There are 2 protein chains.
Amino acid sequence: MPRSTSSPSPKGSPVTLAMVARRAGVSPQTVSNAINSPELLRPETLERVRGAIDEMGYRPSRAAQTLRTRSSKLIGYGIQPTPGGDTAPVMDRFLHALSQAADEAGYRMLLFACPPGGPSLEGYEELLGRHEVDGFVLSNTARQDPRQAWLAKRGVPFVGFGRMWSGRQIGDWADVDGASGTDAAVEHLVALGHRRIAFLGWPRGSGVGDDRAGGWQRAMRRHGLPTRGRRAESAGDVEAARIAVKPLLDAGATAVVAASDMLALGCYHALRERNAVPGRDVAVVGFDDSPIAGILSPSLSTVAQPLEAVGRECVRLLLARMADPAAPPERVLLEPSLVIRDSAPAPGSDTPAP
Amino acid sequence: MPRSTSSPSPKGSPVTLAMVARRAGVSPQTVSNAINSPELLRPETLERVRGAIDEMGYRPSRAAQTLRTRSSKLIGYGIQPTPGGDTAPVMDRFLHALSQAADEAGYRMLLFACPPGGPSLEGYEELLGRHEVDGFVLSNTARQDPRQAWLAKRGVPFVGFGRMWSGRQIGDWADVDGASGTDAAVEHLVALGHRRIAFLGWPRGSGVGDDRAGGWQRAMRRHGLPTRGRRAESAGDVEAARIAVKPLLDAGATAVVAASDMLALGCYHALRERNAVPGRDVAVVGFDDSPIAGILSPSLSTVAQPLEAVGRECVRLLLARMADPAAPPERVLLEPSLVIRDSAPAPGSDTPAP
DNA sequence: TAGTGTCTTTGGATCGATCTAATGCTGAGA
DNA sequence: TCTCAGCATTAGATCGATCCAAAGACACTA
């Protein structure tokens with residue numbers, strides 16, 4: 001009985017191409033061809049070589065392949081130290097999606113630590129200089145982010161999770177259409193009968209924030225609803241949001257679309273303060289579908305980002321770029337989806353218990 | 001003016017050891033020595049070689065090093081697909097800590113996707129067979145986890161985040177002393193004057209859960225406080241926890257120690273139901289210091305895991321194991337810390353506003 | 001001057017795969 | 001019978017660093 005691939009040898013596998021070749025009675029090159037260009041071999045030879053390969057549990061050494069082909073099959077990702085706690089809750093899902101998609105394409109993700117306070121280029125440079133990676137996935141792309149231009153200048157394949165928010169677009173990216181998400185939120189609220197729909201966002205100037213605000217505004221206009229006096233901004237934490245949303249409630253808003261679940265939570269606190277219940281008295285829709293959304297009480301309706309799809313797209317775009325560095329850039333905007341929970345329930349459903 | 005290291009060459013760096021050697025007028029081996037064993041070189045030679053190295057922006061090729069030295073300087077980490085939402089919120093912090101510690105030691109983290117539903121060995125086998133990694137960091141170590149034994153059997157260096165919960169201990173690990181955390185929580189509550197302190201945990205049999213329950217019990221005994229009828233269990237989500245905690249409250253508990261922030265949140269809901277305010281009417285302490293803890297209102301006192309330290313320890317233990325495979329196993333138990341917020345405030349502080 | 005030892009430096013082989021170009025083999029056509 | 005495609009296979013060089021053992025430089029003694 002031939003040893004199965006699942007137990008090649010007790011201690012690692014010092015099985016080399018040459019050993020397999022000797023066993024199968026062919027040259028090393030033929031074994032290599034059996035793996036990389038099987039169509040070159042005569043069927044019977046192929047079978048014989050394949051037999052030897054899995055009898056011996058052979059696996060090509062990545063190091064040798066990397067050295068020869070000049071491709072490490074590694075994708076670099078600079079992980080940042082919990083930036084602000086807002087985009088963080090979803091990052092591990094994104095990382096998993098990336099790893100999964102990369103694995104399926106025969107690549108792997110290489111993590112490196114980015115120092116806090118804006119991504120520096122140092123880590124990227126080091127990885128490149130030593131030919132450790134074939135390309136990069138960037139995330140937390142900020143305004144004035146220097147990475148895209150820097151990488152593009154030296155012809156390094158990369159893809160961004162998030163478009164460029166200032167200057168012209170550089171390179172490929174995949175992003176979530178925030179405007180579409182808040183637009184859908186407004187649509188949902190209008191269907192629930194709301195007309196005084198407010199928006200609680202971040203200060204203008206943040207790309208992501210302006211995008212999300214834009215969707216709200218667009219949908220409001222479409223329905224002929226006024227937006228003046230229905231928008232508030234809050235920079236910091238939940239507490240700041242609680243205060244910022246007050247004027248909106250005072251002005252009689254019956255629904256609030258928030259640019260993040262954190263902001264929506266601030267809204268919850270403001271409502272509780274006046275003994276109002278989210279979803280019963282004032283509808284609230286958040287953004288991100290962070291873990292807290294389903295946990296809050298009442299549970300928070302929110303716009304969910306399709307992170308798995310973003311991960312897949314990032315890998316797809318990156319591989320395409322590596323395959324053809326001269327191809328025109330490709331940009332993908334993915335649709336988020338509204339997750340309906342109790343804070344803005346489905347039309348016709350009962351009022352949630354507080 | 002010599003080119004600085006920060007801009008080696010426009011397109012990657014095809015600079016090789018041999019090129020540097022020619023430039024410096026020495027043999028390739030000498031350049032290698034200049035990097036790896038500088039003490040072998042005559043000071044003036046060393047300086048000359050070093051000059052050439054950074055004039056040309058030379059960086060050794062990792063692939064070639066890996067091939068020759070049989071060490072990839074990569075550490076594998078199988079990332080799991082958001083397991084249950086409970087340990088997840090902290091995983092990205094842990095990953096960052098790992099990356100950071102690894103980077104500082106000249107290693108990098110290699111991510112690969114573990115399929116959902118218990119870690120399979122496939123991914124580990126693949127990585128090993130191709131000599132892609134020098135060792136592994138395991139996390140989410142479960143009961144009956146097969147990975148440790150499997151890796152140990154083939155002499156692969158690894159370290160676990162989390163001890164073995166069944167059978168004998170295998171290999172090195174770093175873990176957080178959960179018992180110590182809940183013990184400290186009880187101490188804090190006792191100092192606040194509480195005596196009827198309940199524990200809301202997971203069903204017995206989960207290692208982590210029993211550990212945390214043990215700390216509560218130990219501290220209660222130490223203070224001569226009864227534990228009978230003061231313990232409840234909940235398996236699932238927040239809703240289940242809300243129901244599970246009711247009997248404890250009915251029995252007059254004035255404080256609840258929860259095995260996780262999720263469970264603590266269930267407790268919040270149960271309290272709100274009876275118009276009681278956490279921290280004012282009943283003290284609550286969570287576990288994990290997940291992002292929601294600081295966000296809830298009132299904010300949740302909770303036991304924080306020193307994830308950065310765990311990451312550092314994991315890397316340290318792993319490197320030690322690789323340096324000496326025969327050394328006796330080393331196990332590190334790290335102290336968590338109590339983060340005091342409004343749900344169980346500091347003694348003498350004002351009652352928090354609801 | 002030759003001999004011995006230390007201290008630097010070097011040549012050549014090596015890790016394990018893939019590249020290029022060349023080989024042996026077969027059968028069709030002249 | 002001989003040539004010449006066309007296919008299957010192979011030999012040898014190569015990627016870029018590090019290992020080992022041996023050679024050169026140098027001072028210092030006998």
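Chain A is the first sequence line, chain B the second, and so forth, proteins listed ahead of strands; every chain is numbered from 1. This one's a predicted model, so the numbers in the text were calculated from it and none came from an experiment.
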Check: Starting at CG of A:Leu46 and ending at P of D:dA8, how long is that distance when rounded to a whole Å?
Finding: 11 Å
Protein-nucleotides 23-25 of chain C N/O pairs under 3.5 Å:
none

Notebook entry, point to check: Would you say a side-chain N or O of B:Thr30 is under 4.0 Å from OP1 or OP2 of C:dT8?
Noted result: no
Margin query: Could you check whether B:Arg59 pairs with A:Glu126 (Lys NZ or Arg NE/NH1/NH2 to Asp/Glu carboxylate O, under 4.0 Å)?
Written below: yes
Notebook entry, point to check: Would you find a donor on one side and an acceptor on the other, under 3.5 Å apart, between the side chain of B:Arg163 and the backbone of B:Thr141?
Noted result: no
Next item on the list: Please work out if B:Thr66 contacts a base, only the sugar-phosphate, or nothing of the nucleic acid, heavy-atom cut-off 4.0 Å.
Entry: nothing
Checklist line | pair A:Phe158-A:Trp150: side-chain heavy atoms closer than 4.5 Å | finding: no
Next item on the list: Starting at CZ of B:Arg312, measure out to CG of B:Leu307 and round the result to the nearest 0.5 Å.
Entry: 11.0 Å
Next item on the list: Using a 4.0 Å cut-off on protein heavy atoms (strictly under), produce a 5'-to-3' string for nucleotides 15-26 of chain D with B for base contact, S for backbone-only sugar-phosphate contact, and - for none.
Entry: BBBBBB------
Notebook entry, point to check: Rounded to the Å, how far apart are A:Lys73 NZ and C:dT18 P?
Noted result: 11 Å
Next item on the list: Heavy atoms only: give me the nearest B:Asp145-B:Asn140 pair and the separation to one decimal.
Entry: OD2-O, 3.9 Å
Margin query: Between B:Glu47 and B:Arg50, does any side-chain N to carboxylate O distance fall below 4.0 Å?
Written below: no
Notebook entry, point to check: Of the non-hydrogen atoms in B:Met322 and B:Pro325, which two are nearest, and what is the gap between them?
Noted result: O-CD, 4.0 Å
Margin query: Restricting to non-hydrogen atoms, name the atom on A:Val20 and the atom on A:Ala52 that form the minimum distance, rounded to 0.1 Å.
Written below: CG1-CB, 4.0 Å
